[in-house]
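Protein chains get the first letters and strands the later ones, always in sequence-line order, with residue 1 at the start of each.
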Number of protein chains: 2
Amino acid sequence: MVARIFATERFPNSVFEMRRDVFQAIADPTRRAIILLVATQAMTPNALAEHFDSSRQAISKHLRILTECELVKQEQSGRKIHYHFNAKKMKEVADFIEPFRQMWDTRFNQLDNLLSTIKTTKK
Amino acid sequence: MVARIFATERFPNSVFEMRRDVFQAIADPTRRAIILLVATQAMTPNALAEHFDSSRQAISKHLRILTECELVKQEQSGRKIHYHFNAKKMKEVADFIEPFRQMWDTRFNQLDNLLSTIKTTKK
DNA sequence: ATATTGAGAAACCAAATGGTTGCACGTATA
DNA sequence: TATACGTGCAACCATTTGGTTTCTCAATAT
């Protein structure tokens, strides 16, 4: 549905490369696990698949999605493809979350406590 | 499928309240918009629905998902229900992202530049 | 030169998703 | 008391998702 925006009747799919959303990409637990693995060390699809129950092709599909939203980049060497993590793209998620940080951050809670203590003392 | 873990044959759905995943919840752009609205000010479903094209019931379903994963909390007053944001749950996402922060943070890139400058100078 | 290997593409499938409309029900209001 | 309002739920539907199996193809190994 997000992809629909980029597709037209003449180019239903292939040309306007379906751009994925980072949020949609990290929604899947397998993909998050892949990200964690790849962030530590660039890996091939085969190597990655060994860490999961599902087939290599299934992992390949996850990698496609991660590549489309640029959370991961390919580096070809011979017939092998090493996937490595692209941290910059993760910043998009961080940017969304950042405004909420102060709402849960303990430092702010401590500030609240401090303020109420002052209040009480003054009273 | 994540929910499947919590469901059994005897209790296919209702009893084992389908616990949603925060990541899955923020995957949808409408839900992210709802979060942003609700974070500023607690709102009722009707009030929220005015900000979107889709029906009130559709928004209600989104609110159900957000409630199930505790990103949002209900506060009933008469026949109205005010939904307000629960920042703590968002921390789960922040915790996932945090390890990657240093990889995109410009301060670290600057450090990299500095280090390579030193290297060059020494040479 | 031939066999094997790494990897993506295609076709298919069951389940999940996001939307709709219609309905039920408790709470406010005339 | 009767009516309008605010909300959630159920049933339905089209599309998307995540998985599988089979196939192709280029790169390596024998």
Student: Which nucleotide, C:dG26, D:dT7, C:dA9, lies nearest any side-chain atom of A:Gln57?
Tutor: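 It is C:dA9.
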Student: Identify the two heavy atoms, one from A:Arg101 and one from B:Ala94, that lie closest to each other, and give their separation to 0.1 Å.
Tutor: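 Heavy atoms of A:Arg101 and B:Ala94 come nearest at NH2-CB, 4.4 Å.
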Student: If you only use heavy atoms from C-beta on, which nucleotide in C:dA7, D:dG6, D:dT17 is closest to the side chain of B:Lys80?
Tutor: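 Given the options C:dA7, D:dG6, D:dT17, the side chain of B:Lys80 is closest to D:dG6.
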Student: Would you indicate, yes or no, if C:dG19 has its OP1 or OP2 atom less than 4.0 angstrom from a side-chain nitrogen or oxygen of B:Ser55?
Tutor: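 For B:Ser55, the contact criterion (side-chain N or O under 4.0 Å from OP1 or OP2 of C:dG19) is not met.
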Student: Grab the NE2-P distance between A:His82 and D:dA27 for me, whole Å please.
Tutor: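 Value for this atom pair: 15 Å.
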Student: Looking at DNA chain C, which of residues 33-41 of chain B put a heavy atom within less than 4.0 Å of it?
Tutor: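 Heavy-atom cutoff 4.0 Å gives no residues at all.
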Student: Under 4.0 Å between a Lys/Arg side-chain N and an Asp/Glu carboxylate O for B:Lys89 and B:Glu92?
Tutor: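 Counted as a salt bridge, because a side-chain N and a carboxylate O are separated by less than 4.0 Å.
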Student: I'd like to know whether CD of B:Gln41 has more than 12 heavy-atom contacts from other residues, nucleotides or ligands below 6.0 angstrom.
Tutor: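 Not buried by this count: 12 neighbours or fewer within 6.0 Å.
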Student: Within the structure, does a side-chain N or O atom of A:Tyr83 lie under 4.0 Å from either OP1 or OP2 of C:dG8?
Tutor: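 So the side-chain polar atoms of A:Tyr83 do come within 4.0 Å of the phosphate oxygens OP1 or OP2 of C:dG8, strictly under.
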Student: Does a side-chain N or O from B:Arg31 land closer than 4.0 Å to OP1 or OP2 of C:dG18, or not?
Tutor: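 So the side-chain polar atoms of B:Arg31 do come within 4.0 Å of the phosphate oxygens OP1 or OP2 of C:dG18, strictly under.
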Student: So, taking the atom named CG in A:Leu63 and the one named CD1 in A:Ile34, what distance separates them when rounded to the nearest 0.5 Å?
Tutor: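 If I round to the nearest 0.5 Å, the distance is 5.0 Å.
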Student: Choosing from C:dG18, D:dG8, C:dA9, which nucleotide comes nearest the side chain of B:Gln24?
Tutor: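 Selected nucleotide (nearest to the side chain): C:dG18.
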Student: With clusters defined by side-chain heavy atoms of hydrophobic residues (ILVMFWY) lying less than 4.5 Å apart, directly or transitively, does B:Ile65 cluster with B:Leu36?
Tutor: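 Hydrophobic grouping puts B:Leu36 apart from B:Ile65.
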Student: What do you reckon, is CG of A:Asp95 surrounded by more than 12 foreign heavy atoms closer than 6.0 Å?
Tutor: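 For A:Asp95, atom CG is crowded (more than 12 foreign heavy atoms under 6.0 Å).
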Student: Tell me whether the OP1 or OP2 atom of C:dG19 has a side-chain N or O from B:His62 closer than 4.0 Å.
Tutor: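 Result: yes.
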Student: Base of D:dG19, side chain of A:Lys61 - is there a donor-acceptor contact under 3.5 Å?
Tutor: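 Counting by modelled atom types and ignoring angles, a donor-acceptor contact under 3.5 Å is found here.
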Student: Output yes when at least one side-chain N/O atom of B:Gln76 is less than 4.0 Å from OP1 or OP2 of D:dG6, else no.
Tutor: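 False: B:Gln76 side-chain N/O out of range (4.0 Å or more) of D:dG6 OP1/OP2.
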Student: Side chain of B:Ala58 only, heavy atoms from C-beta on: which candidate in C:dG6, D:dG19, C:dT20 is closest?
Tutor: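 Of the candidates, C:dT20 comes closest.
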Student: A:Thr44 has a side chain; which of C:dA7, D:dC5, D:dG8 sits nearest to it?
Tutor: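 The nucleotide sitting nearest to the side chain is C:dA7.
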Student: Can you tell me if the side-chain N/O atoms of B:Ser54 get under 4.0 Å from OP1 or OP2 in C:dG18?
Tutor: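 No, B:Ser54 has no side-chain N/O under 4.0 Å of OP1/OP2 on C:dG18.
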Student: Would you mind telling me which of C:dA7, D:dG6, D:dT20 lies closest to the side-chain atoms of A:Arg56?
Tutor: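 Within the option list, the nearest is C:dA7.
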Student: Can you find an N or O donor on one side and an acceptor on the other, under 3.5 Å apart, linking the side chain of B:Arg79 with the base of D:dT7?
Tutor: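 Side chain to base: no pair below 3.5 Å.
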Student: D:dT7 phosphate, OP1 or OP2: any side-chain N/O from B:Asn46 under 4.0 angstrom?
Tutor: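 Answer yes for this pair, as a side-chain N or O of B:Asn46 is under 4.0 Å from OP1 or OP2.
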Student: Any idea which heavy atoms bring B:Ala87 and A:Trp104 closest together, and the distance?
Tutor: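 Scanning both residues, the minimum pair turns out to be O-CE3, 3.5 Å.
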Student: If the threshold is 4.0 Å, N to carboxylate O, is there a salt bridge linking A:Asp21 and B:Arg32?
Tutor: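 B:Arg32 and A:Asp21: salt-bridged.
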Student: Within the pair A:Ser60 and C:dA7, is there a side-chain N or O less than 4.0 Å away from OP1 or OP2?
Tutor: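 No, because none of the side-chain N or O atoms of A:Ser60 sits under 4.0 Å from OP1 or OP2 of C:dA7.
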Student: Rounded to whole angstroms, how far apart are CD1 on A:Ile65 and C1' on D:dT17?
Tutor: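 To the nearest whole Å, that distance equals 8 Å.
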